Amino acid sequence: RRNRPFTGTPMHTATTLTAMSSVVPDELEGGYSATKALIQKGHRRIGFINNSDPIPATFGRLEGYKKALREAKIRFDRHLVIADLSEPTGGYRGVGHLMKLANPPTALFCFNDRVAMGAYEALRTLNLRVPDDVAVIGFDNQEIIAAHSYPPLSTMELPHYKMGAWAVNQLIQMGDGKTRADPVQHKICCELVERASI
């Protein structure tokens, strides 16, 4: 599970319908927006430290990363994508691998803020500064990590409030008999919270 290029194929996707309606973050658009934010800062060599678990977020964020690269006409390089644990240790190992490449990345998209926390530490041990040497963006907007990192971490915010509001509205409509016959999986966009790391 450690430090290998991500080549897996999805076992399932976020578009699969279940017996009841559900609400989820739009993982693909989140990965796209995170990568696009780095591209807009001038980066073209962007590493992605992804999760190694076969879950919708893993596949969706990777597809969003690829989509942003395609749109910017940047060739996808599988050596820039690492699959590891979605914890600080995964981010630390991922940076160790990516920065050893002959042409290392100038920016990192991390699967979540915990991965970014490990990436920060690894970059410090290599005497690399965020964002002067390497820009970093995370995912989730875990306040205790993102807002209080040094420098504060740019990240994609999971739409917990909007998801909860949508779910409650669906329950109210179920009680009123107003829900549609077929179940749906509703996706809500994740918003960029830009701080000082990119």
Side-chain angles (χ1 to χ4, degrees), residues 4-10 12-15 24-84 86 90-91 94-95 97-99 101 103-120 123 128 130-142 146 149 151-159 162 185-198:
R4 63 178 187 273
F6 187 84
T7 57
T9 53
H12 52 81
T13 67
T15 57
V24 296
D26 192 330
E27 304 289 3
L28 190 153
E29 284 303 304
Y32 167 80
S33 296
T35 308
K36 185 175 180 180
L38 295 171
I39 293 170
Q40 289 176 334
K41 295 291 184 178
H43 298 281
R44 298 186 64 82
R45 189 83 176 151
I46 301 170
F48 179 26
I49 306 176
N50 199 5
N51 182 25
S52 56
D53 297 318
I55 59 174
T58 301
F59 303 116
R61 293 175 194 181
L62 176 63
E63 287 308 307
Y65 167 83
K66 290 180 177 179
K67 176 184 174 183
L69 294 180
R70 284 195 305 270
E71 185 180 272
K73 295 181 171 52
I74 299 172
R75 183 180 63 86
F76 171 73
D77 183 348
R78 64 183 181 86
H79 296 102
L80 288 175
V81 180
I82 297 298
D84 208 312
S86 58
V95 166
H97 178 89
L98 291 170
M99 301 316 292
L101 294 174
N103 186 12
T106 63
L108 297 171
F109 168 29
C110 296
F111 175 79
N112 62 24
D113 297 342
R114 298 189 303 278
V115 171
M117 184 167 63
Y120 265 41
L123 291 169
L128 296 171
V130 178
D132 296 344
D133 299 314
V134 182
V136 179
I137 191 166
F139 211 108
D140 293 352
N141 195 29
Q142 294 184 350
S149 297
L153 177 67
S154 297
T155 186
M156 302 302 299
E157 183 170 51
L158 288 176
K162 291 180 180 178
Q185 186 171 75
H186 183 67
K187 294 180 181 180
I188 297 181
C189 291
C190 303
E191 295 185 8
L192 171 65
V193 180
E194 185 172 343
R195 297 189 176 97
S197 66
I198 63 174

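What you are looking at is a predicted structure, and each value in this text was computed from that prediction instead of being measured. Hydrogens, waters and symmetry mates are skipped; everything else that's a heavy atom, side chains included, is used.
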Test side-chain contact (heavy atoms from CB on, under 4.5 Å) on V134 and M99; report intermediate values, then the result. CA-CA 10 Å; V134 182; M99 301 316 292; 4.0 Å; yes

To the nearest 0.5 Å, tell me how far E27 CD sits from L62 CG. 12.0 Å

L101 and L80: side-chain contact (heavy atoms from CB on, under 4.5 Å), yes or no, with the steps? CA-CA 9 Å; L101 294 174; L80 288 175; 3.8 Å; yes

Is it true that atom CD of E191 has more than 12 heavy atoms of other residues, nucleotides or ligands lying nearer than 6.0 Å? no

Looking at every non-hydrogen atom in both residues, tell me the closest pair between I49 and G91 and how far apart they are. CD1-O, 3.8 Å

To check you understand the geometry: which heavy-atom pair defines the closest contact between N51 and A83, and what is its length? O-CB, 3.9 Å

So, does S154 use its side chain to make a donor-acceptor pair with the main chain of I137 at under 3.5 Å? no

So, applying side-chain hydrogen bond (donor to acceptor under 3.5 Å, both in side chains) with T106, which one of R45, H43, K41, R44 is it? H43

Should C189 and P159 count as side-chain neighbours, where that means a heavy-atom distance under 4.5 Å? no

Looking only at non-hydrogen atoms, find the nearest pair between G138 and F109 and report the distance. O-CE1, 4.3 Å

With D133 via side chain to side chain contact (heavy atoms under 4.5 Å, CB included) - residues at least two apart: L128, R129

I need the single residue from L38, I82, L123, I198 that forms a side chain to side chain contact (heavy atoms under 4.5 Å, CB included) with L108. Which is it? L123

What are the two closest heavy atoms between M156 and S33, and how far apart are they? CE-CB, 3.6 Å

First locate atom CD1 of I46, then atom CZ of F76, and finally report the distance between them rounded to the nearest 0.5 Å. 12.0 Å

Under a 4.5 Å cut-off applied to non-hydrogen side-chain atoms, are Y120 and P151 in contact? yes

Closest heavy-atom pair, R195 versus P152, reported as atoms and distance to 0.1 Å, is CB-O, 3.4 Å

Should V136 and P131 count as side-chain neighbours, where that means a heavy-atom distance under 4.5 Å? no

Could you go through D26 and C190, starting from their C-alpha distance and side-chain angles, then the distance that decides it, and tell me whether this counts as side-chain contact (heavy atoms from CB on, under 4.5 Å)? CA-CA 7 Å; D26 192 330; C190 303; 5.7 Å; no

Could you tell me the separation between the CZ atom of R70 and the OG1 atom of T35, rounded to the nearest 0.5 Å? 11.0 Å

Identify which one of K187, K36, K67, R61 satisfies the salt bridge (Lys or Arg N to Asp or Glu O under 4.0 Å) criterion when paired with E29. K67

Treating T58 as the side-chain partner and P54 as the backbone partner, does any N or O pair qualify as donor plus acceptor under 3.5 Å? no

Distance-only, no hydrogens or angles: does the R114 side chain make a donor-acceptor pair with backbone N or O of S86 under 3.5 Å? yes

Between Y65 (side chain) and A34 (backbone), is there a donor-acceptor pair under 3.5 Å? no

For the student: nearest non-hydrogen atoms of G31 and F139, plus distance: N-CE1, 3.9 Å

Check: T155 side chain, V193 main-chain N or O, donor-acceptor pair, under 3.5 Å: no

Please check: side-chain N/O of D113 versus main-chain N/O of N141, any donor-acceptor pairing under 3.5 Å? yes

Hey, could you give me the CZ/CG distance between F48 and L98, rounded to the nearest 0.5 Å? 11.5 Å

Output yes when a side-chain donor or acceptor of D140 lies under 3.5 Å from a complementary backbone atom of Q142, and no otherwise. no

Checking the side chain of N50 only, and the main-chain atoms of V81 only, is there a donor and an acceptor separated by less than 3.5 Å? no

